[in-house]
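Being a predicted model, the structure only gives us computed values, none of them experimental. Note on naming: letters A, B, ... go to the chains in the order of the sequence lines (proteins, then strands), and numbering restarts at 1 for each one.
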Amino acid sequence: MSTTTMKTAPAPLTFNEQCYKLLSTVPKGKITTYKYLAEALGTKAYRAVGNAMNKNPYPRDLVPCHRVVNSDGRLGGYAGKTSEKIARLHDEGVEVFDGLIVDFKNKLHTF
DNA sequence: CGGTTGACCAAGT
DNA sequence: GACTTGGCCAACC
């Protein structure tokens, strides 16, 4: 068996990687929640999703972790300053008022 | 392999 | 409406 015909290592994506991949499908100007991400992955690991975002090693162009908010419509956390997250969202057309997403349900992206 | 840690969630006080 | 509690689940040590 040559290496070309050899099937490459399965390289199972970690839960984190799955989160990143899924999140990368969220279009600009829209947002999603930790809950929706988890559910879209077929699990209830809301917290694990948050952890994944915290450790996110990818640039925001690939994995826009700032587009992830709480399911209540609150801003949620951020690895950097919260004001930065707000600024980025504003830059993409998502208004934030007092730590709350304006028109949250309308901006929400569904998978 | 058991315990710890979260950018969470929902319900209760 | 702020605060506490229990639950949930993957990554890390």
From C-beta outward on A:Asn54, which listed nucleotide comes closest to its side chain: B:dA10, B:dA7, C:dC12? B:dA7

Which residues pass the side chain to side chain donor-acceptor pair (under 3.5 Å) test with A:Glu17, not counting sequence neighbours? A:Tyr58

Greater than 12 external heavy atoms within 6.0 Å of A:Phe104's CZ: yes

Inspect the contact between A:Glu84 and A:Arg88 and indicate whether a charged nitrogen and a carboxylate oxygen are less than 4.0 angstrom apart. yes

Side chain to side chain, A:Thr33 and A:Tyr46, heavy atoms closer than 4.5 Å: no

Between C1' of C:dA11 and CD of A:Glu17, the distance in whole Å: 12 Å

Is there a donor-acceptor contact under 3.5 Å from the side chain of A:Tyr20 to the main chain of A:Ala52? yes

Stepwise side-chain contact (heavy atoms from CB on, under 4.5 Å) test for A:Phe15 and A:Leu41: CA-CA 9 Å; A:Phe15 180 79; A:Leu41 290 176; 3.9 Å; yes

Measure the distance from NZ on A:Lys55 to P on B:dT5 and round it to the nearest whole Å. 13 Å

Ranking B:dA10, C:dC9, C:dA11 by distance to the side chain of A:Asn16, first place goes to C:dA11

Contact check, residues 20-46 of chain A vs DNA chain C, heavy-atom distance under 4.0 Å, returns A:Thr43, A:Lys44, A:Ala45

Can you tell me if A:Thr14 touches the phosphate of C:dC12, counting only side-chain N or O atoms and a distance under 4.0 Å to OP1 or OP2? no

Roughly, in whole Å, what's the span from CG in A:Asp72 to C1' in B:dA7? 14 Å

When you measure from the side chain of A:Ala79, which nucleotide among B:dA7, B:dC9, C:dA11 comes out closest? B:dA7

Touch class at under 4.0 angstrom, heavy-atom based, for A:Asn56 against every strand present: nothing

Starting from C1' on C:dA11, measure out to CG on A:Leu13 and report it in whole angstrom. 15 Å

For the side chain of A:Lys85, starting at C-beta, report the closest nucleotide among C:dA10, B:dC9, B:dA7. B:dA7

